[in-house]
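What follows is a single structure, written as C-alpha cells, with notes after it.
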Amino acid sequence: MDPRSLTPALRALRLCLHLLMAGLLVLAAVRADSAAGTVLAGVTGAVYAAGSYLPSVRSSQRAAAVWLAVLGASWVALLCLTPEALWVAFPLYFLQLHLLPVRRSVPVVVLTAVAAILSYVGHGAPLNPGVFIGPLLGAAVAVATVLGYQALYRESERRRRLIEELIATRAELAAAERHAGTLAERERLAREIHDTLAQGLSSIQLLLRAAERALPPGSPAAGHIDGARRAAQDNLAEARRFVRALTPPDLEHGSLAAALERLCEPGAGAGAAHEPRTGAGAHEPQAGAGARPPGAGPRVRFSVSGTPVELPTPYEVALLRIAQSALANTVRHAAAARAEITLSFMDASVTLDVVDDGAGFDPGAVRPSSDGGFGLPAMRSRAESLGGTFTVESAPGQGTAVAVSLPLPAGA
C-alpha cells in the first residue's frame, strides 16, 4: 500500500507494527544470551527495515514474496537459537496476510504458527495446551482481522467509486437536460417565428403585390409600395434567422374555438396563416398558372364537433399553429375554392381536420424548403411532442386533408 494513501488510523497501526517487531526482536536478542542470537536478531531487524522502505515490496507481489522468504529464513534461524523468537510470529502473520494473496497467505501463516510451536517444543520447554493454542489462536485472530479489514476496505472503495459515478452521472444528466432543453426551446421558437412573423411578412408581400397591380399606371404610390414590399421581403429573410419567444395573441382573449373561428373570417386566412411551405394544399412549387390571384383565398368554414373541454395551453397553441400553417398553404398553393376546419372533441382525444378542394399534391414527393420553411415537419413535430399523431392525405387534383389527433390529458 502506498504510504501516501494511508489514513491517520492506518499510519498509527503501521507504526505500532514496527514498534512491536522491534520490541520482540530486542527481547529475543536479550534472551538468546549469545553473540550469534544478537547478530541474527539484528539481521532480522535489518531485513525487516529494508523491506519496509523498499517501494518494490509494496508494488510487486513477487518482490514482497522474496522479502518475506528472506525475513522468514532469518527468523527461523533465530528460532533455532532461542525460543523467545516465537513471539515474532505474531507481526509476521499480519505482514504475510497483507502482502500475499489469500490463497497463499493463509497456508504461509499456518506454517509460521507450526514453526513457532516446533521451535518451542524443540528447545525442551514443558508441553501444555498454551504452547499449541497461543500461536494457533494468534494466527486465527490475525487472519480474521486482516481479511475482515480487507472486506471492509473493498466495500468502502466500492461505495466511494459508486458515489463518484453517481456524482459524475448527475452532472452529465444535468448537462444533457440543459442541452436538450436548449435545443427544444430553439426548435419551439423557430416554429413560432415561422408561424407568426415569417408568415405575416409573407402575407404582407402578397397584399402589397396585389395593391401594386391595382394601381393605375404612373401612380406616385407605386414606388412606395415597391419599397415596402422589398423591405418586407428583406425582413422575412432576417426573421428566419431569429430565435425569439412569441406568445400566441389569438389565445389571449378567448378559447381555441374562437381563435379558429376568427382564423376563418374573410381575409384572416391570408393574414393569420401566411408563409406556407407544405401542408394542406401545399405542393411546394411557386404559384403559377392556375393559382388563384394573390390576396384571394378560399371560403373557409369552421365547425366544432362534440362537447368542448378546456385544453392545456400547449394543446391550444399546437392546434392553432397547425391550423394556421395548413390554411396558409391552402391560400398560397392550393388554388382552392373552399376549405373547412373541424375541431372535434372525443372521449379520449381532440382532433383537428383541415380539408380543402384545391389542386392537391403528392405527399411522398414533398421536399423541405431550401429557404428555411418548416411546414409539414413543424406540424408533425408539434403533434408528436404532445404524444399525438399527424397525417396528410392528398393527391394531385383531389384536394388535401390534414388531420391531427392529440390524446386528452387525465382530468380534461
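This one's a predicted model, so the numbers in the text were calculated from it and none came from an experiment. Just so you know, residue 1 is the first one in the sequence shown, and it goes up from there.
A pairwise comparison of heavy atoms in A29 and A41 identifies CB-CB, 3.6 Å as the closest pair. Of all non-hydrogen atoms in A28 and L78, the two that sit nearest each other are CB-CD2, 4.0 Å. Taking both residues in full, the closest heavy atoms of Q96 and L68 are given as CA-CD1, 4.0 Å, listed atom of the first, atom of the second, then distance. Taking every heavy atom of both residues into account, A326 and M379 meet most closely at N-CE, 4.1 Å. L24 and P91 make their closest contact through CD1-CD, 3.7 Å (heavy atoms, listed as atom of the first residue, atom of the second, distance). For the residue pair Y315 and P407, the shortest heavy atom distance occurs at OH-O, 2.7 Å.
T44 contributes a side-chain N or O that, together with a main-chain N or O of L40, makes up a donor-acceptor pair within less than 3.5 Å. Proximity of a side-chain donor or acceptor of T342 to a complementary backbone N or O of D353 within less than 3.5 Å is not detected. Side chain of S385 to main chain of R382: a donor-acceptor pair is present (N/O by atom type, distance under 3.5 Å, no hydrogens or angles). Remark: the backbone N or O of A85 is paired with a side-chain donor or acceptor of W75 at under 3.5 angstrom. Within the 3.5 Å criterion, the main-chain N or O of V141 finds a donor-acceptor partner in the side chain of T145.
With values rounded to the nearest 0.5 angstrom, C264 atom SG is found 9.0 Å from E340 atom CD.
Between the side chains of T400 and E393, no donor-acceptor pair is found at a separation under 3.5 Å.
Of the options L406, V404, L352, a side chain to side chain contact (heavy atoms under 4.5 Å, CB included) to F390 is made by V404 and by none of the others.
For E212 and R209, the salt-bridge test fails: no basic side-chain N is under 4.0 Å from an acidic carboxylate O. Note on E155 versus R158: salt bridge recorded, some NZ/NE/NH1/NH2 to OD/OE distance being below 4.0 Å. Ion pairing between R160 and E164 holds under the 4.0 Å rule for side-chain N and carboxylate O.
Put simply, the side chain of S203 reaches to within 4.5 Å of the side chain of L207, judged on heavy atoms. Looking at heavy atoms from C-beta onward, V88 lies in side-chain contact with M21 at the 4.5 angstrom threshold.
Other residues, nucleotides and ligands contribute at most 12 non-hydrogen atoms within 6.0 Å of the CZ atom of R159.
Aromatic ring pairs are classed by plane angle as parallel below 30°, tilted from 30° to 60° and perpendicular above 60°; the pair F90 and W87 is parallel. The aromatic rings of H18 and Y48 sit perpendicular to each other, their planes meeting at more than 60°, with 30° as the lower class boundary.
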